[in-house]
Structures are given as C-alpha cells and as structure tokens.
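Notes for the one structure printed next.
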Amino acid sequence: MSGEPRPVAVVGPTATGKSDLALDLAERLDGEIVNIDAMQLYRGMDIGTAKLPVAQRRGIAHHQLDVLEVTETATVAAYQAAASADVAAIMARGRVPVVVGGSMMYVQALLDQWEFPATDPAVRAKWEGLLAGQGVAAVHAELRRADPAAAATILPTDGRRMVRALEVVELTGRPFAASAPVIGEPRWGTRIVGVDRDTTELDERIARRTAVMFEQGLLDEVRGLADRGLREGQTARRAIGYAQVLAHLDGEYGLAEAQERTFIGTRRYVRRQRSWFRRDRRVHWVDGADPSAPETVLALLADSAVSTASAPGPRASERLPEERSRS
C-alpha cells in the first residue's frame, strides 16, 4: 500500500471469524485494532462477549475495549467521537486502523459520519417516565401515533430505542428516519470487508460458543458484575447472555434454559446483523471458513477496487427485518 493509510473495516455477523481475520490483517498491514462491538466496550464483560484476552491479541494495540463501567450507558454518539479520534491518531502514526465488530448502527455512525439529532433531558425524561410507569406497550402506542414508520421498524420490545425515536420526533418535528445517515463513500476511504459463513455451520458455531461461555464461567462473571451494578446499567444488562443469566439468578428459569435462550437470542441477532450488512453494497464478502481469506482481502486492498461478491448466507428473499436492538 502506498500513500496515506486507509482504514479497513471487518464487519458481519457474530461468530463468523471477524476477530481472527482482523488480527491477520493488522499483522500484515502494520495496523492497530479498533473495536466496534458495543458490548465489548464494558469492563468485565469478557466471557459473554467473546472478548479476546490480552494474551491472544498478538501484541497488537487494541482500542475501544474496556472503556465503560457496566453502570454507564453506551451511546452511538459517544462511541463515534471516541473511535473517530482513535482512527485519526492511528493514521497520524502512519499505521492502518483495522475496525472490527458487528454493532450495526455503530459501524454506520463511524463510517458514514452520522450526525445525531440533539437531545433534551426534559423531553427524554418524559418518555422514559412513560416507559417506566406504563411499559413498552404504552411507548409503542405513542410512537405509532407520532411516527408510524418508526413504529413499524423498531422492535416493540425495544423501549430505549422507541424513547429515542419519540424524543427526536418531538425535538425535530420530522420522522425519526429523517435523521438516518446517507450511504456514500465511506469516511477516510475505508474499505469494508464482510465475513459470513454457511448458515448451518454458523448455527453450530454459535451453539459451541454458547456452551463454552457457560463452561468457562459466564455465570460467575455475571454474578461479579451484578455486584458492580450490572442490573442498574441501561445497556450492559440487556446484552445477550447477560440478560439471560441475570434472569436465571433472579429465579425466572434454570441455568440450562438460560443457556438455550442465549443461543436462540444470539442466532436471532446474527440474522438481523446479516440482513443489515447485506444491504450495504460497499461490503466485499469473504467466507470465514476459507483459510485463504486474509490473502483474498490483501489482494483486494492492493487492487484498491472493492466490489461486491457472493458469499455464504441467505438469498435476498430470506433476509430478515433490519437490526433495531442492542446498539
């Protein structure tokens, strides 16, 4: 590569092999990793997020890991500002930022310079009060009245996102979708690589990963985080795996059911990730099961011509509704 370093983003569904590919690329490109998984921002949320231990990071600098306490709220806007500064600093050092993760709105915010509508504490408090007092059904009813399109696309169980939509509609007088970013040339000329696998194989990997998490001590990890305020956090406690184990600790169901629900929740999340990223025609897809994937991506970067390509995954007719959950 010549000239100013250009970032590479490695995105796609959970458990496809993004981390390994990102490490391979960072090693070969003299790069540094920038995490773009919202739940890996949290200190102590290690097992349930499949966060790479320091010993497995190959000596490569990692950014945007372990920057929040579980009591703090992760926001796309705060991440955008912090990660943008990291990318700029890495490039200023003459190195290649390798952005890796699967949090969909975070990816779009970073690479498309999403400009977020202002927030107003009083307006936000009003809608949060409705959520706390009357539940998600009441909030969803208000959103249907104020912005039917938003109500149709946001999960009716996602109270936090519905509250934000109502806040934006009230403050701007425009539909929530009007604040969405425009897809164009990625910021910094970033090349975007998507990693996917055959659906059956990926489901098997998710099942194995979930089992290993529980075997490695996810229950104890959640217990420790609960002592540090996990239940009080607005975003951390909703993370897949953590929410299910908390429910188990609260006596809602047994540990085996918590594991099964974690697997099912992860699989559903993967389908939403896949649908979201597959709509972005800037993404060049590679097979996470292909051992030559790093060489394929390096050739792509050297050629400097990112084109879309077929890869494992669903046909267009099999795509699921867009992501609107934990980011």
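None of these values were measured; they are calculated from a predicted model. All values below come from the heavy atoms of this structure, side chains included, with hydrogens, waters and symmetry mates left out.
Side-chain atoms of M91 and R95, non-hydrogen and from C-beta on, never get closer than 4.5 Å to each other. Using a 4.5 Å heavy-atom cutoff, the side chains of R174 and V169 are not in contact. Side-chain contact between F176 and I154: present, with at least one pair of heavy atoms (C-beta onward) separated by less than 4.5 Å. V34 has its side chain within reach of I90: a pair of non-hydrogen atoms, C-beta onward, lies under 4.5 Å apart. In this structure, P294 and L21 have side chains that are in contact, with non-hydrogen atoms separated by less than 4.5 Å. Here the side chains of R282 and R191 are not in contact, with every heavy-atom distance at 4.5 Å or above. Taking 4.5 Å as the limit, every side-chain heavy atom of W188 sits out of range of all side-chain heavy atoms of R6.
Under the 4.0 Å criterion applied to side-chain N and carboxylate O atoms, K51 and D37 are not assigned as salt-bridge partners. Classification of D196 and R274 as a salt-bridged pair holds, one side-chain N sitting under 4.0 Å from a carboxylate O. R28 and E295 are joined by a salt bridge, as a carboxylate oxygen and a charged side-chain nitrogen come within less than 4.0 angstrom of each other.
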Validation: residues 77-86 side-chain donor-acceptor distances under 3.5 Å, sequence neighbours left out:
unit_1	atom_1	unit_2	atom_2	d
Y79	OH	N35	O	2.7
Q80	NE2	A109	O	2.9
Q80	NE2	W114	O	2.8
S84	OG	Q80	O	2.6
S84	OG	R187	NH1	2.7
D86	OD2	Q64	NE2	2.7

- Item | Audit row: R279, S275, side chain to side chain donor-acceptor pair (under 3.5 Å) steps and yes/no | CA-CA 7 Å; R279 286 196 297 272; S275 177; 3.2 Å; yes
- Check against side chain to side chain donor-acceptor pair (under 3.5 Å), T262 and Y242: CA-CA 8 Å; T262 298; Y242 295 86; over 6 Å; no
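Hydrophobic clustering (side-chain heavy atoms under 4.5 Å, transitive across Ile, Leu, Val, Met, Phe, Trp, Tyr) keeps I47 apart from I206.
Note on residues 118-162: no pairs pass ring-ring contact (aromatic ring centres under 6.0 Å, His included), not counting sequence neighbours. Among pairs with a residue in residues 9-19, none fulfils salt bridge (Lys or Arg N to Asp or Glu O under 4.0 Å), at least two apart in sequence or across chains. Contacts classified as side-chain hydrogen bond (donor to acceptor under 3.5 Å, both in side chains) and involving residues 245-254 (residues at least two apart or in different chains) are given here: R231-D250.
For R43, the side-chain hydrogen bond (donor to acceptor under 3.5 Å, both in side chains) partners are E69, not counting sequence neighbours. Taking D24 as the reference, R58 meet the side-chain hydrogen bond (donor to acceptor under 3.5 Å, both in side chains) condition, with sequence neighbours excluded.
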